[in-house]
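Working notes for the structure below.
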Number of protein chains: 2
Amino acid sequence: MPRSTARPSSSARGERTRSAIIRAAATVFARHGYRGGPLAAVATEAAMTQPGVLHHFASKEDLLMAVLEQRDREGTRRLNESSWADGGGAALDALHDLVAHNGTTPELVQMFTVLVGESVAADHPARAFFTDRYETLRFRTTRAVQRGQDSGEFRADADAATLAALVLAVMDGLQIQWLLDPELDMATRFAVFVDMMKRFLAPPA
Amino acid sequence: MPRSTARPSSSARGERTRSAIIRAAATVFARHGYRGGPLAAVATEAAMTQPGVLHHFASKEDLLMAVLEQRDREGTRRLNESSWADGGGAALDALHDLVAHNGTTPELVQMFTVLVGESVAADHPARAFFTDRYETLRFRTTRAVQRGQDSGEFRADADAATLAALVLAVMDGLQIQWLLDPELDMATRFAVFVDMMKRFLAPPA
DNA sequence: GTCTATAGTTCGATAGAC
DNA sequence: GTCTATCGAACTATAGAC
């Protein structure tokens, strides 16, 4: 592995170009969707020509998958650095922090909302990605609720999997409404939902 | 106005053709989205040629708007025939019935989910339609919650507008997850949310 | 009112020079 | 590694016969 003081190797420079293209593609896909966003627009955004983009990615579809995986990793990293892993009410608070942060990154939110909508169509290249993503998110959120039940913070007789699906649903649904009308504050509304769920899960006195 | 026993007038036959095209377009847009669904596919689905479709609609965009308004009217009619207008818990139960019914019409649900995702992009022709639609739905749902507060069924110190936004968010979010994984039952999960919200809104004993 | 034919674009991908 | 040039496909919309 090259030391940070060394002149960047050819492949390291290549990685930087790839990153710039991924950033540009995220912007274009957020604004116009995958089908509606031409490679030429990605190229312009990355200060290149369209064949230049395809020198770094075999196809537009390849670029799409690279964008999705990159942005997904960034979002996941954020959660992992929070109190998410503690489970229970702390995990719900961590999700609230995430929603508040998302409110400062409309482009990222819009990209995922546009692409998940497109990908619901059976033949969309990102369909499998999103199916997997939701399965993983539901699994992890279910575990966070269960952790709260195991510790006695939450009632044990609630269906953790259903509640996990509801949490993710609220996040997605609020994003849609926020993107259509930016006046709407996601974090404030999500806080009410978290409050509602905590009361619902409070063990009987 | 022609009597029902009369031979259908030319314009009545024209209306039937328009309806058939709208039905065909709804199928195609649900499967591939607006941008991804060619007029030729709509034509095939309606057993016509592509210029035949454009004889009845000035442009693809015109057809899209006709599809949206038609399908929206159908959905709204269903709600109006339920206990929705009573407000309060009865209105929430009416929404649950709607969610259960939606579970039997995946094509309709998919069409709206795909199109709302696409339309979040600023330049999409359906953007204004969906912005208005959510504003209207939020307004009507807010009123339903307030009606419950006025009657004393619900606590008066809850923010009806926020709760309305949450209800719509859950519906949309569950639809996304259901379309990506049809194993997930929307109605069962929505019922848990309704239960949670009713407890949250129960007046203090 | 529906057809065939086609104009006029736009786009993804490839070829090949530098 | 980036460019210019271009191919070939797909799509909306129009023209005009029947």
Side-chain angles (χ1 to χ4, degrees), chain A residues 7-29 31-68 114-115 118 121 123-126, chain B residues 2 7-68 114-115 118 121 123-126:
Chain A
R7 187 167 55 82
S9 71
S10 150
S11 74
R13 265 183 282 119
E15 273 313 303
R16 261 210 305 282
T17 312
R18 272 179 68 98
S19 295
I21 294 172
I22 286 176
R23 237 190 329 276
T27 300
V28 170
F29 292 160
R31 273 209 269 267
H32 308 287
Y34 171 67
R35 285 183 164 129
L39 274 181
V42 175
T44 304
E45 191 76 23
M48 297 179 58
T49 60
Q50 182 252 0
V53 170
L54 286 183
H55 175 76
H56 294 274
F57 297 90
S59 66
K60 191 186 182 186
E61 197 173 316
D62 264 32
L63 174 57
L64 170 66
M65 298 314 293
V67 169
L68 285 173
V114 169
L115 292 181
E118 270 187 294
D123 58 346
H124 196 278
Chain B
R7 190 166 53 81
S9 70
S10 149
S11 74
R13 264 183 283 119
E15 273 312 304
R16 259 210 304 281
T17 310
R18 272 180 69 99
S19 295
I21 294 172
I22 287 176
R23 237 189 330 274
T27 301
V28 170
F29 293 160
R31 274 209 267 267
H32 308 287
Y34 171 66
R35 284 181 166 130
L39 274 182
V42 176
T44 304
E45 191 75 22
M48 298 179 56
T49 61
Q50 182 252 2
V53 170
L54 286 183
H55 174 76
H56 295 272
F57 297 90
S59 66
K60 192 187 181 184
E61 197 173 316
D62 264 30
L63 175 56
L64 171 66
M65 299 315 292
V67 169
L68 285 172
V114 169
L115 292 181
E118 270 186 293
D123 58 346
H124 197 278

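Below, read A as the first sequence line, B as the second, and so on, with proteins coming before strands; counting in each chain starts at 1. When reading the values below, keep in mind they use all heavy atoms of this one structure, side chains included, and skip hydrogens, waters and symmetry mates.
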Strictly below 4.0 Å, heavy-atom distances to any atom of DNA chain D: list the hits from residues 44-55 of chain A, or just say none. M48(A), T49(A), P51(A), H55(A)

Atom-to-atom span, CG of L63(A) to P of dG12(C) - whole angstrom: 10 Å

When every non-hydrogen atom of A43(A) is compared with those of Q50(A), the smallest separation belongs to CB-N, 3.5 Å

R16(B) CZ - dG1(C) P separation (whole Å): 12 Å

Strand-adjacent residues in residues 21-41 of chain B, judged by heavy atoms under 4.0 Å from DNA chain C: none

I'd like to check R35(B) versus E118(A) (side-chain heavy atoms, cut-off strictly below 4.5 Å). Are they in contact? no

Length of the CG-P vector between L64(B) and dA13(D), whole Å: 12 Å

Please check: side-chain N/O of K60(A) versus main-chain N/O of Y34(A), any donor-acceptor pairing under 3.5 Å? yes

Contact summary for L64(A) and A126(A), nearest pair of heavy atoms: CD2-CB, 4.2 Å

List in chain and number order the residues that pass side chain to side chain donor-acceptor pair (under 3.5 Å) with H56(A), two or more places apart in sequence or in another chain; answer none if no residue qualifies. none

Separation of D123(A) atom CG from dA10(D) atom P, in whole Å? 14 Å

For S59(B), check side-chain contact (heavy atoms from CB on, under 4.5 Å) against everything at least two apart and list the hits. E61(B), D62(B)

What is the separation between atom CZ on F57(A) and atom P on dA13(C), rounded to the nearest whole Å? 13 Å

Let me know the distance between CD of E61(B) and C1' of dA13(D), rounded to the nearest Å. 14 Å

Kindly indicate whether the side chain of R18(B), heavy atoms from C-beta on, has any atom under 4.5 Å from the side chain of I21(B). no

Considering only distance and modelled atom types, tabulate donor-acceptor pairs under 3.5 Å from the side chains of residues 25-32 of chain B, sequence neighbours left out.
unit_1 : atom_1 : unit_2  : atom_2 : d
T27(B) : OG1    : R23(B)  : O      : 3.3
T27(B) : OG1    : E107(B) : OE1    : 3.4
T27(B) : OG1    : E107(B) : OE2    : 3.1
H32(B) : ND1    : D123(A) : OD2    : 3.0

